[in-house]
Amino acid sequence: MSIDLARPHRRFNPLTGGWVQVSPQRMGRPWQGETSAPDPLPPAYDPACYLCPGNARVGGEANPAYEGVYVFPNDFPALADEAGEGGSDDPLFRAEASAGVCRVICFSPDHGKSLPLLTPAQLRSVVDCWADQTAELGQRFASVQVFENKGAMMGCSNPHPHGQVWATTHWPQEVATEDHHQRAYMAEHGGALLLDVAEREAASGERVVEINDDWLATVPFWAAWPFEILLLPRFPVQRLPQLTGAQRDSLAAILKALTTRYDNLFETSFPYSMGWHQAPFGSNVAMPDIDHWQLHAHFYPPLLRSASVRKFMVGYEMLAEPQRDLTPERAAQMLRAVSGMVHYAG
Ligand code: H2U
Ligand code: ZN
């Protein structure tokens, strides 16, 4: 690579076709933003929590006294089971009906146990749940989106550890974009884009935060968010249900280590939006080949300098393209410098 990465430059995201402006020379500029004490960890049970076992949800229905992972239909689903009628091909005012299901996944009955605080066995059952939901919903829907939106800073209304799954009859935009770029990469280079990325990242190690025999967590070369992570399998796999028992265990292990590092970085329950991208299914879109797909997870955390100082994607970023000061290499170094084994809250 014959470019000075210490000077302003742009990096290309081969998965989306987007660019990011990197401005390493701005790292030392003075900061006059907010700072405040980190949030304390929540208690094991909150009588006011609508996700805790035995408590009533907003719709009135009560949660059972669940003991492991618990899935229920979202009481305020964003999608309807049945698509409405009609559509519009008007080139200026195009629309189509959409349908799908939305479910909530409680990771633990313990209100205070976010992912890094779960045992490997408990994390494994979260992985199994993600895979089972994908397998079941993939029979009826074209896309299954598993995700977790965590922390008040991300607009998450409740600290109880939970994620969601939305399955749709259409391919959502990000999935369609990634499908396009992975397909084009394989046509041109013969291999799977993200398998090649995993190999190159493992070889250089520069941006790797966690690695085991099956998985690798890296701050991608093209990361837009300060501590963004791309979690990649080191073997070809297109969807969650294909993972073997051993690959699920090693996934649980790397999830625990990565999220422990996240929490330790600013000694706070690290907010983020994370989710899995996996090969979409057939349904109303033809999906004959999926070899170009590689299963992967994105973590998009908003924090920049402390538990309360966040990165805002505004101004130039909204109007031109994302920009970062902290280099991905430096972010990876900072995440490597904190423990992936011992959580700050014990
Ligand atoms: P977030 O705070 O991560 O958005 O998630 C809470 C989800 O739980 C949200 O999608 C659903 C909301 O619709 N929910 C229920 O299904 N039942 C409830 O009683 C409250 C919240
Ligand atoms: Zn709770």
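We count ligands from 1, going down the list as the structure has it; atoms in each ligand are counted the same way. No hydrogens, no waters, no symmetry mates; every other heavy atom, side chains included, goes into these values. If you read the sequence from its start, that first residue is 1, and numbering goes on from there. These numbers were taken from a predicted model, which means no experiment stands behind them.
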Starting from [atom], which protein heavy atom do you reach first, and at what distance in Å?
atom                    : answer
atom 2 (O) of ligand 1  : Ser157 OG, 2.5 Å
atom 8 (O) of ligand 1  : Val104 CG2, 3.6 Å
atom 16 (O) of ligand 1 : Asp75 N, 2.7 Å
atom 4 (O) of ligand 1  : Gln164 NE2, 3.8 Å
atom 21 (C) of ligand 1 : Tyr50 CE1, 3.2 Å
atom 19 (O) of ligand 1 : Val58 N, 2.6 Å

Q. Would you say the side chain of Ile229 lies within less than 4.5 Å of the side chain of Leu258, judging by non-hydrogen atoms?
A.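 Heavy-atom side-chain distance check passes, below 4.5 Å.
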
Q: Could you please spell out the steps behind the salt bridge (charged side-chain N to carboxylate O under 4.0 Å, His left out) verdict for Glu329 and Arg11?
A: CA-CA 13 Å; Glu329 294 72 29; Arg11 299 188 188 188; 3.0 Å; yes

Q | Contact check: Pro73 vs ligand 1, nitrogen or oxygen atoms, below 3.5 angstrom | A |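 No: no nitrogen or oxygen of Pro73 is under 3.5 Å from one in ligand 1.
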
Exercise: do [X] and [Y] side chains pair donor with acceptor under 3.5 Å:
X      : Y      : answer
Gln278 : Thr134 : yes
Gln133 : Arg103 : yes
Gln145 : Thr168 : no
Lys150 : Ser269 : yes

Using a strict cut-off of 4.0 Å, indicate which atoms of ligand 1 neighbour a heavy atom of [X].
X      : answer
Phe72  : 15 (C), 16 (O)
Asn74  : 9 (C), 10 (O), 11 (C), 12 (C), 13 (O), 15 (C), 16 (O)
His162 : 1 (P), 2 (O), 3 (O), 5 (O), 6 (C)

**Q.** Asp128 bridged to Arg124 by N-O distance under 4.0 Å
**A.**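 So Asp128 pairs with Arg124 through a salt bridge.
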
Q. Knowing that exactly one of Met186, Gln238, His180 qualifies, which makes a side chain to side chain contact (heavy atoms under 4.5 Å, CB included) with His292?
A.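 Running side chain to side chain contact (heavy atoms under 4.5 Å, CB included) over Met186, Gln238, His180 with His292 returns exactly one hit, Met186.
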
Q) What residue among Val219, Thr218, Val338, Leu216 forms side chain to side chain contact (heavy atoms under 4.5 Å, CB included) with Val209? A)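 Only one option passes, and that is Val219.
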
Q | the Zn ion (ligand 2) - closest N/O/S atom in His160 | A |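 Answer by atom name: ND1.
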
Q) Can you tell me the N, O or S atom of His111 that's nearest the Zn ion (ligand 2)? A)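 Checking each N, O and S atom of His111, the shortest distance to the Zn ion (ligand 2) belongs to ND1.
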
(Q) Working to 10°, measure the angle at the Zn ion (ligand 2) formed by atom SG of Cys52 and atom SG of Cys49. (A)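 The two atoms subtend 120° at the Zn ion (ligand 2).
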
